[in-house]
Protein chains: 2
Amino acid sequence: MSDMTSTADAPRSPGRPRSVRADEAIIEATLDLLAEGSTIEALSIEAIAARAGVGKATIYRRWAGKDALLLDALRRLKGVMAQPAGHSVRDDLVLLVGAIGKNVDPRAAKIMPCLAPAVNRSADQFQLYQNIISPRRQLMREVLRRGIDEGVLRADIDVEVTMALLTGPMLIQRVLQWNPDLDEQTLPERVVDAVLEGIQVR
Amino acid sequence: MSDMTSTADAPRSPGRPRSVRADEAIIEATLDLLAEGSTIEALSIEAIAARAGVGKATIYRRWAGKDALLLDALRRLKGVMAQPAGHSVRDDLVLLVGAIGKNVDPRAAKIMPCLAPAVNRSADQFQLYQNIISPRRQLMREVLRRGIDEGVLRADIDVEVTMALLTGPMLIQRVLQWNPDLDEQTLPERVVDAVLEGIQVR
DNA sequence: GCGTTACGAGTCTGACCCGTATCGTATTGC
DNA sequence: GCAATACGATACGGGTCAGACTCGTAACGC
């Protein structure tokens, strides 16, 4: 909670304490509205307040503005990372690729595409985005390195390019619905196998 | 020009004809404003009119609203498709992959990410997007089929998945700047070679 | 020249929103 | 009980914008 008054280490301030229910309601309302199709900039504090059953002042008491609120709301969304089992490199990759764009919160899928423009226009939001995905990239990087060490993968591959190779197809499909005819269910497996084997005759 | 009064087949209406200069100026102003960082919904008819040096009425006389205008403006943007030479399958693929997200109009690169949210929220915009990319997909499909026929590519590959494999990495890099460390210049070549050869030890 | 239509520029009404302030009320520590 | 702070609700001034409208002017066919 970057912009919220910290409640943990405070020496206990006088007066009525902030309502935790309001905190929750505001964040939830924000995410709900986004998931219902509102774009980031169409989202208004007034709409959030109304949806949360909260006065506008209650929001402004906690956050400096829409950006700060959004930052906190999106942080709630990222969910847990998939944890590869570590037995088979192929299976681990299928798991990681399948986890791309899949979060615990079903609203995430609707919200993600909205972030694409923001990411390229604000350095802050770009950093936030990188912070979320870089640990996931690291996870995949480790699996690939392990594959090289175990002799399953060639030692001369470019790990970074390979990650883009595995991630890209899944991301454009989940975020952009790039090709409506592609079956999203079996895609992770087919992507991993194709990258592993190559498409060239040999 | 879906929403504009057609000027070609009309039997010549009386009065002063529509100014072609105004047509151009409005479209150009729209694209310029988008390329300068305005998001789709932040874009206002008033701003477009001011930028184009045109009265608001002149815009409303031609288009029903912002959506119709945007549709026409974006159509102007798609530019020319890359034309594979047809000698080497690998070189053709490198050319096609390198052309992803690269249009003749330099403004296109700035505008593209903005479309990601719109694509998933409106069936119309989704259709527009598909109309733009499907001929390009077809081009790549033909190159892959040719590769299979010539015996350069394996006959058992899934062509659709392979296209996603080639397109995805380039697209997430150009649109999302997915991995800032990846060199966009050499990426097409490296992606194509990796997909061709596979990463597995054999 | 005359009717017709388009032009740029501007006005006007009605939305919607931001961020602040102010109600009366509720909840805390002292 | 009392000061302090919170709450939801609402009002406020200031801003932007959509669309419809009005000017005086310009370009066309007849």
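Given the structure is predicted, the values throughout are model-derived calculations rather than measurements.
- Side-chain atoms of B:Thr58 do not come within 3.5 Å of backbone N or O of B:Val54 as any donor-acceptor pair.
- With respect to the salt-bridge test (charged N to carboxylate O, under 4.0 angstrom), the residues B:Glu160 and B:Arg141 qualify.
- Sorted by residue number, the list of members of residues 31-50 of chain B with any non-hydrogen atom under 4.0 Å from DNA chain C is empty.
- Under a 4.0 Å N-O distance rule, the pair A:Arg146/A:Glu142 does not qualify as a salt bridge.
- Residue order along DNA chain D, read from the 5' end via each residue's closest nucleotide, puts A:Ala22 first among A:Ala22 and B:Lys66.
- Residue A:Ser19 has no polar side-chain atom (N or O) positioned under 4.0 Å from OP1 or OP2 of D:dA6.
- Salt-bridge formation is not detected for the pair A:Lys110/A:Glu36: no Lys NZ or Arg NE/NH1/NH2 atom is positioned less than 4.0 Å from an Asp or Glu carboxylate oxygen.
- In this structure, the CG atom of A:Asp67 is 13 Å from the C1' atom of C:dC18, given to the nearest Å.
- Residue-level contact check: B:Gly65 touches neither bases nor backbone, having no heavy atom under 4.0 Å from any strand.
- Listed pair B:Arg62 / C:dC7 meets the phosphate criterion, a side-chain N or O lying under 4.0 Å from OP1 or OP2.
- For A:Arg18, no side-chain nitrogen or oxygen approaches OP1 or OP2 of D:dT5 to under 4.0 Å.
- Side-chain atoms of A:Arg16 and base atoms of C:dA26 include a donor and an acceptor less than 3.5 Å apart.
- For B:Lys56 against C:dG8, a side-chain-to-base donor-acceptor contact under 3.5 Å is absent.
- The pair B:Arg76-B:Asp105 does not meet the salt-bridge criterion, since no charged nitrogen lies less than 4.0 angstrom from a carboxylate oxygen.
- Put simply, CD1 on A:Ile26 is 7 Å from P on D:dG8, counting in whole angstrom units.
- Taking a 6.0 Å sphere around NZ of B:Lys102, one finds it holds 12 or fewer heavy atoms contributed by other residues, nucleotides or ligands.
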